[in-house]
Novice: 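Handing you a structure now.
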Amino acid sequence: MTYNSSLLRLLDERGYIHQLTDPEGLDELAGKGIVPAYIGFDATAPSLHVGSLVQIMMLRRLQQAGHKPVVLMGGGTTRIGDPTGRDESRKMLSDETIEANIASIRTIFSRLLKFGDGPTDAVMVNNHDWLGQLGYIQLLQEVGTHFTVNRMLSFDSVKLRLEREQPMTFLEFNYMILQGYDFRHLCKTSAVRLQMGGSDQWGNIINGVELTRRMDGIEVFGLTTPLLTTADGKKMGKTAAGAVWLNDDALPAYDFWQFWRNSDDRDVGRFLRLFTDLPLDEIARLEALEGNEINAAKVVLANEVTKLCRGEEAARTAESTAQATFAGGGLGQDLPVFDLPAEGLGIIDALVGIGFAASRGEAKRLVSGGGARVGGVAISEDGYHIPGGAELRISSGKKKHGILRPAA
RNA sequence: GGACAGGUGGCCGAGUGGUUAAAGGCAGCAGACUGUAAAUCUGCCCGCGCAAGCGUACGCUAGUUCGAAUCUAGCCCUGUCCA
């Protein structure tokens, strides 16, 4: 459908909308005034990764369209563990870890959203603040009466687990109730009317919508984004070395930049729309590039996303490093560095030292497979001794490069 | 509490006394081809060691055996059904 509100138009044309509880209703509401909307984030790690970036960007769009983003940190629900889409319970995290994670995750939001006290300024809340207060009897009475077990069993998060005969603890079973309670709580205390999330959150979101309607008679809305996979069908956010973390201290800016630079051709347009602020006509021009030309679009993508998440400076440095290493065959300042002793260093030690191999055995395999190079020259002998004295480029494969620098 | 089934390498999954560091698949790494893309083909894929070899590893613990992922006992955990 075509939307009248700038919010839904923006989300729609940029590709964020997968499911929406009541399109007409929300369109009308968003056209009338400021809509506070929230997205929940887990605090299982000290940083979010690119899998969450769609959600974060969606809050940014919300703010761009003149509404109020509410970032919900799952300080309480992380202690439960969302069973959605997984067969195993989450390991328990200590309170200190969760609090530390939340503090660390906060940094990325402050880059992408404007926080403050104004009507459309973003705010961050932590559901531990209210869930932690909840008495068991009180919860059962207030909320428990609105959920039937019959219906709870019908949700995918539960049903799939049962069908696969995988264990689900009562603790996890309660997750959807608590997430539903969050929505209702935010509606009541902060006039939040919309919850957004990934497509796997549909069930959880619906619960909040239902609960709010039943308890308070207020219509709130839910919106999910499409499941983001790369064109070759993989889940977004996992890559070679692990997750693509958003925080500066969790993944070097150069690696972050490279992740985007290496996007699949078919993903470029979609990613530009979702993850950058570039105007749509510019994106249309970039994604129309063919063959070798599309690489220019990937550089733009990498620059723009890095700029947003890591800052202007980080993006520039990463780009010039890439330019120097790939086009020039030289060395960029952003590459990983390892000290080269005056007497030189064995190839195996160098590869392990700089982090291109996790063990000596792996380094040897790399060498015997022909993937190791020093100064651009392939090294096929694992006894090779790298001479000391001069700065050298060391490579694993075509993409991983580093600098061996004589120790000062 | 009882009966039955199960717990194998990052994941899935074969293996029921030696030739098994453990088939096969996925994921991963590298090579070729390219465009730092995709697809495809090839090699590698527990650690240490130049190597012979050593050390770890099949839920945990004890045992049988020249030898155990494979047999026995106890324990822990999970599922299904029964109480």
Side-chain angles (χ1 to χ4, degrees), chain A residues 83 85-89 91 158-172 229-244 254-272 286-303 306 318-332 334-335 346-349 351-352 354-374 376-385 393-402:
Chain A
R86 53 179 74 229
D87 269 353
E88 280 174 20
S89 312
K91 56 189 179 307
V158 177
K159 199 173 64 181
L160 294 175
R161 197 72 93 79
L162 295 181
E163 274 171 7
R164 305 187 58 176
E165 303 196 342
Q166 296 293 322
M168 166 172 278
T169 61
F170 185 63
L171 177 79
E172 297 172 274
T229 52
T230 52
D232 52 352
K234 296 192 189 85
K235 205 163 180 180
M236 182 93 184
K238 304 280 184 203
T239 185
V244 181
Y254 175 70
D255 294 331
F256 186 80
W257 192 93
Q258 280 293 327
F259 169 77
W260 297 101
R261 170 62 185 81
N262 284 308
S263 294
D264 191 299
D265 287 7
R266 296 164 288 179
D267 289 328
V268 172
R270 198 158 50 105
F271 287 179
L272 282 167
L286 287 169
E287 74 175 326
L289 296 173
E290 304 230 341
N292 199 356
E293 308 255 288
I294 192 93
N295 283 323
K298 293 184 188 180
V299 171
V300 173
L301 173 67
N303 280 339
T306 307
E319 187 190 5
S320 66
T321 295
Q323 170 70 22
T325 4
F326 287 96
L331 296 167
D334 240 8
L335 295 178
I347 179 73
I348 302 301
D349 292 313
L351 287 168
V352 172
I354 204 160
F356 290 169
S359 66
R360 299 177 56 79
E362 194 178 310
K364 282 180 201 169
R365 274 177 240 128
L366 179 64
V367 170
S368 62
R373 270 170 298 139
V374 172
V377 182
I379 305 296
S380 56
E381 194 193 317
D382 58 21
Y384 181 78
H385 188 83
R393 159 168 151 152
I394 182 167
S395 317
S396 162
K398 300 232 168 67
K399 290 188 201 167
K400 269 185 274 176
H401 305 285

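Numbered from 1 within each chain, the chains take letters A, B, ... in sequence-line order. Basis for what follows: all heavy atoms, side chains included, without hydrogens, waters or symmetry-related copies.
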Novice: Please give, in whole Å, the distance from B/A39 C1' to A/D264 CG?
Specialist: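 From A/D264 CG to B/A39 C1': 10 Å.
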Novice: For A/A296 versus A/L289, what's the shortest heavy-atom pair and its separation?
Specialist: CB-CD1, 4.5 Å
Novice: Applying the Watson-Crick and G-U wobble criteria at under 3.5 Å, what pairs with B/U80? Answer none if nothing qualifies.
Specialist: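 In the structure as shown, B/U80 has B/A3 as its Watson-Crick or wobble partner.
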Novice: Who is the Watson-Crick or G-U wobble partner of B/G67, with both distances under 3.5 Å?
Specialist: none
Novice: In the strands shown, is B/G43 matched to any nucleotide by a Watson-Crick or G-U wobble pair with both distances under 3.5 Å, and which?
Specialist: B/C29
Novice: What is the minimum heavy-atom distance between A/T325 and A/Y254, and which atoms define it?
Specialist: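 Looking at all heavy atoms of both residues, the shortest contact is OG1-OH, 4.0 Å.
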Novice: Write down the partner of B/G74 under the Watson-Crick or G-U wobble criteria, each distance required to be under 3.5 Å.
Specialist: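 Paired with B/G74, as far as the under-3.5 Å criterion goes, is B/C60.
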Novice: Picking from B/C45, B/G35, B/C50, which would you name as closest to the side chain of A/R365?
Specialist: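 That would be B/C45.
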Novice: Given B/C48, is OP1 or OP2 found less than 4.0 Å from the side-chain N or O atoms of A/S359?
Specialist: yes
Novice: Now, which nucleotide makes the Watson-Crick or G-U wobble pair with B/G9, with each of the two distances under 3.5 Å?
Specialist: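 In the structure as shown, B/G9 has no Watson-Crick or wobble partner.
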Novice: Give a yes/no on whether any side-chain N or O of A/R360 is located under 4.0 angstrom from OP1 or OP2 of B/G47.
Specialist: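 No, A/R360 has no side-chain N/O under 4.0 Å of OP1/OP2 on B/G47.
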Novice: Any base atoms under 4.0 Å from A/Q258, or only sugar-phosphate, or nothing? Heavy atoms, all strands.
Specialist: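 Answer is base: heavy atoms of A/Q258 come under 4.0 Å of a base.
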Novice: Does A/Q166 contact B/U78 through a side-chain donor or acceptor facing the base, at a distance under 3.5 Å?
Specialist: no
Novice: Take atom P in B/C54 and the same atom in B/G63, then report the distance between them in whole Å.
Specialist: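 Looking at atom P only, B/C54 and B/G63 are 24 Å apart.
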Novice: Salt bridge between A/E172 and A/R161, side-chain N to carboxylate O under 4.0 Å?
Specialist: yes
Novice: Can you check side chain to side chain contact (heavy atoms under 4.5 Å, CB included) on A/T306 and A/E319, steps first, answer last?
Specialist: CA-CA 10 Å; A/T306 307; A/E319 187 190 5; over 6 Å; no
Novice: How would you label the contact of A/T325 with the nucleic acid (heavy atoms, under 4.0 Å): base, sugar-phosphate, or nothing?
Specialist: nothing
Novice: Calculate the interatomic distance between A/K398 atom NZ and B/A38 atom C1'; express it in whole Å.
Specialist: 15 Å
